[in-house]
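For reference, the structure is listed below as C-alpha cells.
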Amino acid sequence: MADNVKPRVRVPKTASKDEVITIKTLISHQMESGQRKDKDGKVIPRSIINRMTVEFNGQSVLDMTLEPAISTNPYVEFQAKVPESGEFKFTWYDDDGSVYEDVQKIEVA
Amino acid sequence: MNSRRRTMLVAGAAGIALAGLPLRVLAQAAAPAAQPEMTADQWVAEFAGGAEVTDGDGVTLTAPEIAENGNTVPISVDAPGATEILLVASGNPVPGVAKFTFGPLAGNQAVSTRVRLAKTQDVMAIAKFTDGKVVRAKSNVKVTIGGCGG
C-alpha cells in the first residue's frame with residue numbers, strides 16, 4: 001500500500017559556510033511490521049521503507065537501513081555540514097519497489 | 001479518490017481494532033511468527049565483523065526509562081567519530097532496528113528516531129569507529145504497552 005506516502009523535510013533556507021545544521025525528516029508510511037495478523041489469523045505481510053539516503057550535492061550525509069522496528073511514519077533527525085550552496089536530496093526506498101524523493105535547496109550566505 | 005479514501009478508512013479501522021485487542025491476544029499473535037530470525041547477539045556480531053565489542057565511553061544512548069507506548073519510543077544516539085551505528089532492541093521479534101552510515105558531510109555522528117519496542121527490554125547502540133573499535137551502549141526501557149509486533 002504505497003498510497004498516501006508523503007515525505008516532509010525541514011531544512012533551514014540559509015546557512016553560513018561549513019555550518020552544521022539540523023535536519024528533520026518524516027515520511028508518512030504505515031511501516032507494516034510483518035508481525036501482526038488480521039482478524040482471520042493471517043499474517044499481514046511486511047511492508048516498510050527499508051532504506052533512506054541523504055546527499056548534499058552528490059556527497060553522502062547519511063545512509064540509513066530501516067527494520068520493521070522503526071515506528072509508523074519514520075522520523076529521523078540528524079545534522080549535516082554545509083560547505084556551499086546547493087541541494088539536499090532525500091531518497092526513501094519502499095519494500096514494494098517504490099522510491100520517494102524530496103529535494104531542498106540551501107543558500108550559503 | 002473516493003474509493004481510495006474508503007480503503008484508508010478500512011485500514012485505519014483495522015489498525016484501531018488491533019490496537020484495542022487485549023495484550024494476551026497480541027502476544028499469541030506474535031509468538032508463532034518466530035521464523036529463523038537472527039538473535040540480538042547475531043545482529044551485533046554481524047555488524048562488528050569479528051572485532052571485539054567493548055562496553056565503554058564514546059557512545060551515548062538516550063532512551064526513556066519508561067515508555068508508556070511501545071509503538072513509538074524516542075531514541076537518540078551520539079557517537080562522535082563513528083562511521084556506523086547499529087541500533088538493536090534485544091526483546092523484539094526482529095532485534096535489528098536500524099543502521100546508520102555517516103557520509104563525509106555528516107555534521108556529527110548523532111541521530112534521533114522513533115522505534116517500536118515489543119516489551120520491557122535492553123536497547124543497545126553499537127558504534128563502529130575509524131580505528132576499528134566497536135563500542136556498545138545499553139539502556140533498559142520499561143514498556144507499559146508493547147508495540148504491536150516487530
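Worth knowing before you read on, the calculation uses all heavy atoms, side chains too, and leaves out hydrogens, waters and symmetry mates. Everything quoted here is computed from the prediction, not taken from an experiment. Chain letters run A, B, ... following the sequence lines, proteins first, then strands; residues in each count from 1.
Around CD of A:E101, the count of heavy atoms belonging to other residues, nucleotides or ligands within 6.0 Å exceeds 12. For CD of B:Q42, the number of neighbouring non-hydrogen atoms (other residues, nucleotides, ligands) closer than 6.0 Å is greater than 12. Heavy-atom contacts from other residues, nucleotides or ligands closer than 6.0 Å to CG of B:D57 number 12 or fewer. By the 6.0 Å contact criterion, CD on A:E84 is enclosed, its count of non-hydrogen atoms from other residues, nucleotides or ligands being greater than 12. Within a 6.0 Å sphere centred on NZ of B:K128, heavy atoms belonging to other residues, nucleotides or ligands number more than 12.
Looking at heavy atoms from C-beta onward, A:Q35 lies in side-chain contact with B:V94 at the 4.5 angstrom threshold.
Of the inter-residue distances, the one linking A:I70 atom CD1 with B:I75 atom CD1 reads 9.0 Å to the nearest 0.5 angstrom. Note that CG of A:L62 is 9.5 Å distant from CD1 of B:I85, once rounded to the nearest 0.5 Å. From A:T65, atom OG1 reaches atom CG of B:L87 across 11.5 Å, with rounding to the nearest 0.5 Å.
No path of Ile, Leu, Val, Met, Phe, Trp and Tyr side chains, each step under 4.5 Å between heavy atoms, connects B:V111 with A:Y93, placing them in separate hydrophobic clusters. Cluster annotation: A:I23 and A:V103 are assigned to distinct hydrophobic clusters (Ile/Leu/Val/Met/Phe/Trp/Tyr, side-chain heavy-atom contacts under 4.5 Å, transitive). Linking ILVMFWY residues whenever their side-chain heavy atoms come closer than 4.5 Å, directly or via other members, leaves A:L26 and A:V76 in distinct clusters. Linking Ile, Leu, Val, Met, Phe, Trp and Tyr residues whenever their side-chain heavy atoms come within less than 4.5 Å places A:V108 and A:F88 in a single cluster.
Between A:A69 and B:V97, the closest heavy-atom pair is CB-CG2, 3.8 Å. Nearest heavy atom pair, residue A:P68 against residue B:R116, reads O-NH1, 2.9 Å. Heavy atoms only, all atoms of each residue included: B:G96 and A:E67 are closest at O-CB, 3.2 Å.
Residue B:A110 touches chain A through its backbone alone, counting heavy-atom pairs closer than 4.5 Å. Only the side chain of A:P83 comes within contact range of chain B, with at least one heavy atom under 4.5 Å from a heavy atom of that chain. For A:I21, no part sits under 4.5 Å from any heavy atom of chain B, backbone or side chain. In this structure, chain B has heavy atoms under 4.5 Å from both the backbone and the side chain of A:V61.
A donor-acceptor pair under 3.5 Å is formed between the side chain of B:T113 and the backbone N or O of A:Y75.
Residues A:T72 and B:R114 bring no donor and acceptor atom of their side chains to less than 3.5 Å of each other.
The choice from A:Q79, A:E55, A:K24, A:R51 that makes the most heavy-atom pairs within less than 4.5 Å of chain B is A:Q79. Counting heavy-atom pairs closer than 4.5 Å to chain A, the top residue among B:S76, B:P74, B:G103 is B:G103. Heavy-atom pairs under 4.5 Å with chain B were tallied for A:E19, A:M52, A:M31; the largest tally goes to A:M31.
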